[in-house]
Amino acid sequence: MSWSKVLDPRAFRARFAHCWADFLHQNYRNPEEVSVAFGVRYQTALNWWQGINRPSGDVVALAGRQFQDFMERRA
């Protein structure tokens with residue numbers, strides 16, 4: 001079965017910023033720690049923390065290597 005039949009890509013994209021924020025809250029103490037962990041500016045980390053923006057694929061892939069169950073819990 002194709003992913004599009006199992007998971008609606010548009011709906012997933014729309015809610016991913018909030019999923020990412022939840023992940024950050026569960027694994028990091030604050031936006032400053034997120035900034036250091038992912039090598040991004042504080043404002044970027046804060047936007048992720050608040051669920052305003054979502055990261056690019058490379059950041060998610062790096063998180064997936066360290067937290068292997070991250071994506072499994074989001075589908």
Side-chain angles (χ1 to χ4, degrees):
M1 185 176 293
S2 71
W3 270 104
S4 62
K5 294 188 188 291
V6 175
L7 177 69
D8 178 6
R10 288 185 182 157
F12 182 77
R13 180 179 172 97
R15 72 175 196 264
F16 187 74
H18 295 288
C19 292
W20 184 251
D22 290 344
F23 163 75
L24 296 176
H25 293 194
Q26 292 169 9
N27 293 286
Y28 298 94
R29 289 181 296 220
N30 53 46
E32 292 88 356
E33 194 173 279
V34 171
S35 176
V36 171
F38 291 99
V40 297
R41 293 179 303 129
Y42 173 78
Q43 188 61 52
T44 298
L46 183 61
N47 289 342
W48 292 350
W49 189 263
Q50 295 174 337
I52 296 169
N53 290 333
R54 63 187 178 278
S56 59
D58 59 318
V59 171
V60 177
L62 290 172
R65 290 183 58 114
Q66 185 174 4
F67 301 94
Q68 294 181 2
D69 65 335
F70 168 60
M71 288 307 298
E72 293 170 5
R73 295 180 300 190
R74 305 294 172 218

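From a predicted model like this one, the values you see are computed outputs, not experimental measurements.
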Checklist entry - With hydrophobic residues grouped by side-chain heavy-atom distances under 4.5 Å, do F12 and W20 end up in a single group? => result yes
Item to check | Heavy-atom pair with the smallest gap, counting every atom of A17 and G51 | outcome: CB-O, 3.6 Å
Checklist entry - Under the criterion side chain to side chain contact (heavy atoms under 4.5 Å, CB included), which of Y28, F23, F38 is the partner of W48? => result F38
Item to check | Spatial distance of atom CZ (R15) from atom CG (D22) [nearest 0.5 Å] | outcome: 11.0 Å
Item to check | Heavy-atom closest pair, residues P31 and Y42 | outcome: CB-CE1, 3.7 Å
Next on the checklist: Return the CG to CZ distance between N53 and F16, rounded to the nearest 0.5 Å.
Outcome noted: 12.5 Å
Checklist entry - Applying the 4.5 Å side-chain criterion to the ILVMFWY set and letting contacts propagate, would V60 and L46 be lumped into a single cluster? => result no
Checklist entry - Taking atom CD of Q50 and atom CG of L24, what is their separation to the nearest 0.5 Å? => result 11.5 Å
